[in-house]
Amino acid sequence: MEKVRTYFIARGAGDTLAARIQQFPQSSATVEEAATCLRCFPAHVAKSLCFLQKAKVGAGSGADNQVPIVVVTAGHAKADNKKYKAAFGQPSKMLKKEDVEALVGFPPGGVCPFAVNDGVRVYLDVSLKQFKDVYPACGTIDSGMRMSVAELEEYSTNFVEWVDICLGWQEYPGEGVVDGNLA
């Protein structure tokens, strides 16, 4: 969490973003737990999915020339292998839970798109665009914050582009939501 706070301060967002980081007395590691802690709908949780991709020649971080990426999606969205392959030109391969912290920089349940390890590319899924504000983790399994989708894009480390790799998010009824916020 301090790594993320320091990152926001270094980017000149100490008063706005770093001050919004919350730490909870219980876990916020799953979408449901985060929604409870942050008092939002599960769909509004900005879920970070970690994948391993074959790197372009000369760009590897390991012996097999593979690099980690993070794709941030709406909490209720489900990654689809066919859409992933269309977006990235290769099948999806989730990072093993035991490799996430070493390769991305945060433990499973605390992964966020801020202050990730060097070489980790960050993508945002279009499922997030249905909301004005979303709730990402902040580097630990007991932290989170509210931020606009525009802020998420602006402050994501090594942000590459928006992608469309998920299914199921279009069916979200939006009950209790006005302009992307809880009513």
Side-chain angles (χ1 to χ4, degrees), residues 4 7-8 10-13 16-17 20-21 30-31 34-35 38 40-56 59 61 66-95 100 103-106 108-139 143-174 177-182:
V4 173
Y7 170 77
F8 286 149
R11 297 275 317 264
T16 55
L17 296 182
R20 285 191 231 154
I21 296 173
T30 68
V31 168
L38 291 158
C40 69
F41 289 112
H44 292 212
V45 173
K47 174 174 63 176
S48 294
L49 303 175
C50 302
F51 297 94
L52 199 58
Q53 289 190 337
K54 292 179 184 174
K56 294 178 180 163
S61 66
Q66 296 185 332
V67 295
I69 68 165
V70 173
V71 180
V72 185
T73 73
H76 66 308
K78 304 290 182 209
D80 177 70
N81 194 50
K82 188 181 282 188
K83 291 182 90 171
Y84 184 97
K85 189 172 184 177
F88 293 109
Q90 57 188 280
S92 65
K93 180 180 179 182
M94 295 289 291
L95 267 176
V100 171
L103 293 175
V104 177
F106 300 108
V111 175
C112 62
F114 321 113
V116 294
N117 288 345
D118 289 341
V120 176
R121 295 169 295 165
V122 174
Y123 297 84
L124 302 179
D125 186 76
V126 297
S127 60
L128 295 164
K129 288 186 174 185
Q130 67 188 307
F131 304 116
K132 178 182 172 189
D133 295 319
V134 292
Y135 299 80
C138 294
S143 65
M145 68 182 297
R146 180 180 182 161
M147 68 185 333
S148 71
V149 172
E151 289 170 327
L152 182 70
E153 180 179 353
E154 180 179 351
Y155 290 99
S156 288
T157 306
N158 302 327
F159 172 70
V160 178
E161 65 184 347
W162 286 89
V163 294
D164 182 5
I165 68 157
C166 292
L167 295 174
W169 61 269
Q170 296 94 338
E171 291 80 36
Y172 180 65
V177 176
V178 177
D179 294 326
N181 294 307
L182 294 176

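Scope of the values below: all heavy atoms of this structure, side chains included, with no hydrogens, waters or symmetry mates. Everything quoted here is computed from the prediction, not taken from an experiment.
Scanning all heavy atoms of the two residues, the minimum distance from Met147 to Pro136 falls at SD-CG, 3.7 Å. Scanning all heavy atoms of the two residues, the minimum distance from Ala74 to Lys47 falls at O-CE, 3.8 Å. Nearest heavy atoms, Cys112 versus Ala137: CB-O, 3.1 Å. The nearest pair of heavy atoms linking Cys166 to Ala77 is CB-CB, 3.7 Å. In terms of heavy-atom proximity, Thr157 sits nearest to Ala115 at OG1-N, 2.7 Å. Taking every heavy atom of both residues into account, Asp133 and Ser148 meet most closely at OD1-CA, 3.2 Å.
Judged purely by atom type and a 3.5 angstrom limit, Gln130 uses its side chain to pair as donor or acceptor with the backbone of Ser127. Side-chain atoms of Arg11 come within 3.5 Å of backbone atoms of Glu154 as a donor-acceptor pair (strictly under, hydrogens ignored).
Ring planes of Tyr84 and Phe88: tilted class, angle from 30 to 60°. Classification of the Phe131-His44 ring pair by plane angle, with boundaries at 30° and 60°, yields tilted.
By the side chain to side chain contact (heavy atoms under 4.5 Å, CB included) test, Asn158 pairs with Val116, sequence neighbours left out.
Rounded to the nearest 0.5 Å, atoms SG (Cys138) and CZ (Arg20) are 10.5 Å apart. Lys93 contributes atom NZ, which lies 4.0 Å from atom CD of Gln66 (distance to the nearest 0.5 angstrom). Here the straight-line distance linking atom CG of Leu152 with atom CG of Leu124 works out to 5.0 Å at 0.5 Å rounding. Distance check, rounded to the nearest 0.5 Å: CD1 of Ile69 to OG of Ser48 gives 11.5 Å. Summarising the geometry, atom CE belonging to Met145 is positioned 4.5 Å from atom CG belonging to Leu17; distances are rounded to the nearest 0.5 Å. Rounding to the nearest 0.5 angstrom, the gap separating the CG atom in Leu52 from the OG atom in Ser92 is 11.0 Å.
In this structure, Tyr155 has its ring center no closer than 6.0 Å to that of Phe114.
Annotation: salt bridge (charged side-chain N to carboxylate O under 4.0 Å, His left out) contacts involving residues 68-91, sequence neighbours excluded, comprise Lys83-Asp164.
The only option from Leu128, Leu49, Val111 that meets the side chain to side chain contact (heavy atoms under 4.5 Å, CB included) definition with Val72 turns out to be Leu128.
Taking 4.5 Å as the limit, some side-chain heavy atom of Phe51 sits within range of a side-chain heavy atom of Ile165. For the pair His76 and Phe41, the minimum side-chain heavy-atom distance is 4.5 Å or more.
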